[in-house]
Amino acid sequence: MIAIKSDLILKRFVVVDSQFKFNVPAESITTNPIDVLNSYPVDIDFSIEQDASKAMYRIVATVKINEKTEEYKPGYSIGVTGIGFFEFDKETKLTEDQRIQMLQNSALSICITNLRSYISNQTSYFPWGSFSFHAVDIQDLLISKEKSSEDKCKNF
């Protein structure tokens with residue numbers, strides 16, 4: 001099939017912060033190291049912002065794996081933040097609601113995929129080899145973000 005060009009255009013993706021650490025297990029691990037890594041929850045936070053000219057959008061996405069515990073678990077501890085810069089084709093006929101949907105679904109997925117790739121590449125040099133976290137349910141992530149934002153507003 002011939003892919004049709006999207007009205008959403010990724011201009012650039014950059015990693016602005018990354019922290020990788022290998023926590024040496026205190027004892028020998030008898031299970032597959034990948035099973036240990038896959039047991040960690042993947043914490044993703046993001047924001048969608050529009051620049052002053054209203055022509056460019058930014059998605060700032062952060063992935064944290066094995067970072068929120070009081071004591072690090074054995075294996076990898078990862079924290080990465082990236083920014084995706086997007087714009088829409090100047091000839092687009094998309095409504096504002098359609099643009100928001102594309103940013104929330106497609107653009108956010110693009111950013112998470114870039115972070116997953118970056119993590120996989122960086123961990124390929126680590127003792128347990130390359131690590132790629134699981135696919136993400138974007139709809140659940142959006143619902144969780146909305147709920148989190150509502151909870152923060154209630155506390156002010």
Side-chain angles (χ1 to χ4, degrees), residues 1-22 34 36-69 72-73 75-126 128-156:
M1 289 188 278
I2 303 297
I4 296 173
K5 182 180 175 215
S6 173
D7 285 346
L8 178 68
I9 302 166
L10 172 64
K11 296 302 284 184
R12 190 161 186 218
F13 182 84
V14 296
V15 172
V16 294
D17 185 36
S18 69
Q19 299 168 0
F20 290 83
K21 181 178 176 183
F22 181 75
I34 294 299
V36 175
L37 296 171
N38 286 332
S39 72
Y40 302 145
V42 177
D43 183 8
I44 299 177
D45 195 12
F46 67 93
S47 64
I48 301 174
E49 306 161 356
Q50 190 173 17
D51 73 357
S53 72
K54 300 199 184 271
M56 185 74 66
Y57 294 85
R58 287 179 302 281
I59 295 185
V60 180
T62 300
V63 173
K64 293 181 181 180
I65 301 168
N66 194 23
E67 272 208 347
K68 287 200 164 199
T69 58
Y72 291 113
K73 294 179 183 177
Y76 302 153
S77 177
I78 301 167
V80 180
T81 299
I83 304 174
F85 296 92
F86 296 88
E87 64 184 20
F88 288 94
D89 187 289
K90 296 191 185 340
E91 304 297 318
T92 188
K93 305 247 189 292
L94 295 173
T95 66
E96 191 61 29
D97 284 344
Q98 290 171 320
R99 289 175 189 230
I100 290 168
Q101 287 296 317
M102 284 191 94
L103 287 166
Q104 289 178 333
N105 292 300
S106 298
L108 179 57
S109 291
I110 289 168
C111 290
I112 291 170
T113 299
N114 275 300
L115 291 173
R116 182 183 292 109
S117 176
Y118 180 80
I119 289 168
S120 178
N121 286 333
Q122 292 299 309
T123 56
S124 69
Y125 296 99
F126 279 58
W128 285 0
S130 182
F131 171 66
S132 181
F133 62 89
H134 57 76
V136 175
D137 182 336
I138 295 294
Q139 294 309 312
D140 184 68
L141 190 63
L142 291 167
I143 291 167
S144 297
K145 179 69 171 183
E146 184 176 336
K147 186 177 183 305
S148 172
S149 296
E150 288 172 0
D151 290 346
K152 286 180 184 175
C153 288
K154 288 178 186 177
N155 292 332
F156 286 106

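Heavy-atom basis, side chains included; hydrogens, waters and symmetry copies ignored. In this chain, numbering begins with 1 at the start of the sequence shown.
Considering only heavy atoms from C-beta on, Leu94 comes within 4.5 Å of Met102 through its side chain. Counting only heavy atoms from C-beta outward, the side chains of Val63 and Ile112 never approach each other to under 4.5 Å. Within the 4.5 Å cutoff, the side chain of Leu8 has no heavy atoms near those of the Arg99 side chain. With a 4.5 Å cut-off on side-chain heavy atoms, Phe133 and Ile78 do not count as touching. Counting only heavy atoms from C-beta outward, the side chains of Ile44 and Leu115 never approach each other to under 4.5 Å.
We find the CD1-CZ distance between Ile34 and Phe131 to be 7.0 Å, quoted to the nearest 0.5 Å. Going from atom CD1 of Ile59 over to atom CG of Leu10 covers 9.5 Å, rounded to the nearest 0.5 Å. The NZ atom of Lys145 sits 6.0 Å away from atom OG of Ser47, with the distance rounded to the nearest 0.5 Å. With values rounded to the nearest 0.5 angstrom, Ile100 atom CD1 is found 8.5 Å from Ile48 atom CD1. Arg12 contributes atom CZ, which lies 12.5 Å from atom CG of Asn114 (distance to the nearest 0.5 angstrom).
In this structure a side-chain-to-backbone donor-acceptor pair under 3.5 Å is present from Thr113 to Ser109. Although no hydrogens or angles enter the test, the distance criterion places no donor-acceptor pair under 3.5 Å between the side chain of Thr123 and the main chain of Phe126. Checked by atom type and distance alone, the side chain of Ser77 pairs as donor or acceptor with a backbone atom of Asn66 at under 3.5 Å. A donor-acceptor pair under 3.5 Å links the side-chain atoms of Ser144 to the main chain of Asp140, judged by distance alone. Between the Asp43 side chain and the Lys64 main chain, no donor and acceptor come within less than 3.5 Å of each other. Counting only distance, with no hydrogens or angles, the side chain of Ser130 and the backbone of Ser120 share a donor-acceptor pair below 3.5 Å. The backbone N or O of His134 lies less than 3.5 Å from a partner atom in the side chain of Arg116, making a donor-acceptor pair.
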>> Does Phe46 form a side chain to side chain contact (heavy atoms under 4.5 Å, CB included) with Leu142? I'd like the steps, not just the answer.
In response: CA-CA 9 Å; Phe46 67 93; Leu142 291 167; 3.7 Å; yes
>> Show, in sequence, the C-alpha distance, side-chain angles and deciding distance for Phe20 and Ile65, and conclude whether the side chain to side chain contact (heavy atoms under 4.5 Å, CB included) test is met.
In response: CA-CA 10 Å; Phe20 290 83; Ile65 301 168; over 6 Å; no
> Would Ile110 and Phe13 satisfy side chain to side chain contact (heavy atoms under 4.5 Å, CB included), going step by step from the backbone distance to the final call?
Replying inline: CA-CA 9 Å; Ile110 289 168; Phe13 182 84; 6.0 Å; no
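Checking each of Glu87, Gln50, Lys11 against Tyr57 for a side chain to side chain donor-acceptor pair (under 3.5 Å) leaves exactly one that passes, namely Gln50.
Across all non-hydrogen atoms, the minimal contact from Ser124 to Asn121 is OG-O, 2.6 Å. Scanning all heavy atoms of the two residues, the minimum distance from Asp89 to Glu91 falls at OD1-N, 2.7 Å. Between Ser132 and Asn38, the shortest heavy-atom contact is O-OD1, 4.4 Å.
Within the 6.0 Å centre-distance limit, the rings of Tyr76 and Phe22 are counted as a close aromatic pair.
Applying the side chain to side chain donor-acceptor pair (under 3.5 Å) criterion to Thr92, with sequence neighbours excluded, gives Asp7. Not counting sequence neighbours, Ser6 has no partner by the side chain to side chain donor-acceptor pair (under 3.5 Å) test.
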